[in-house]
Amino acid sequence: MPILVNLDVMMAKRKISLAELAERVDITQANLSILKNNKAKAIRFSTLEAICRELKCQPADLLEYYAED
């Protein structure tokens, strides 16, 4: 998939655990893990907004596009 989710990088930079972020964003740990491990096919803007708010970052800090060959 040509979209890479860098959630794990931002979580490490902010020193926040999956469980803590899941609670703050009001999403299950399982769903947040799917997103963190690049297994998600989509993300709601409301979820992206909440993650950005809690991590104090921009969507571009979390999502990266790369061209497939």
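A pairwise comparison of heavy atoms in Tyr65 and Ile3 identifies CD1-CD1, 3.9 Å as the closest pair. Closest of all the heavy-atom pairs between Cys52 and Pro59 is SG-N, 3.6 Å.
Separating the CG atom in Leu32 from the OG1 atom in Thr47 is a distance of 9.5 Å, to the nearest 0.5 Å. To the nearest 0.5 Å, atom CG of residue Asp61 and atom NZ of residue Lys56 are 13.5 Å apart. To the nearest 0.5 Å, atoms CD (Gln29) and OG (Ser17) are separated by 7.5 Å. Rounding to the nearest 0.5 Å places NZ of Lys41 at 10.5 Å from CG of Asn38. Residue Lys36 holds its NZ atom at 14.5 Å from CE of Met10, rounded to the nearest 0.5 Å.
Judged purely by atom type and a 3.5 angstrom limit, Arg14 has no side-chain atom pairing as donor or acceptor with the backbone of Glu54.
Within a 6.0 Å radius of CD in Glu49, other residues, nucleotides and ligands contribute 12 heavy atoms or fewer.
Follow the hydrophobic side-chain contacts under 4.5 Å out from Leu7 and you never reach Ile34; the two are in separate clusters. Transitive grouping of hydrophobic side chains (ILVMFWY, heavy atoms separated by less than 4.5 Å) brings Ile27 and Leu18 into a common cluster.
In this structure, Lys13 and Cys57 have side chains that are not in contact, with every pair of non-hydrogen atoms separated by 4.5 Å or more. Annotation: side chain of Leu48 is in contact with side chain of Leu63 (closest heavy-atom distance under 4.5 Å).
Leu62 pairs in a side chain to side chain contact (heavy atoms under 4.5 Å, CB included) with only one of the listed residues (Ile51, Leu4, Asn6), which is Ile51.
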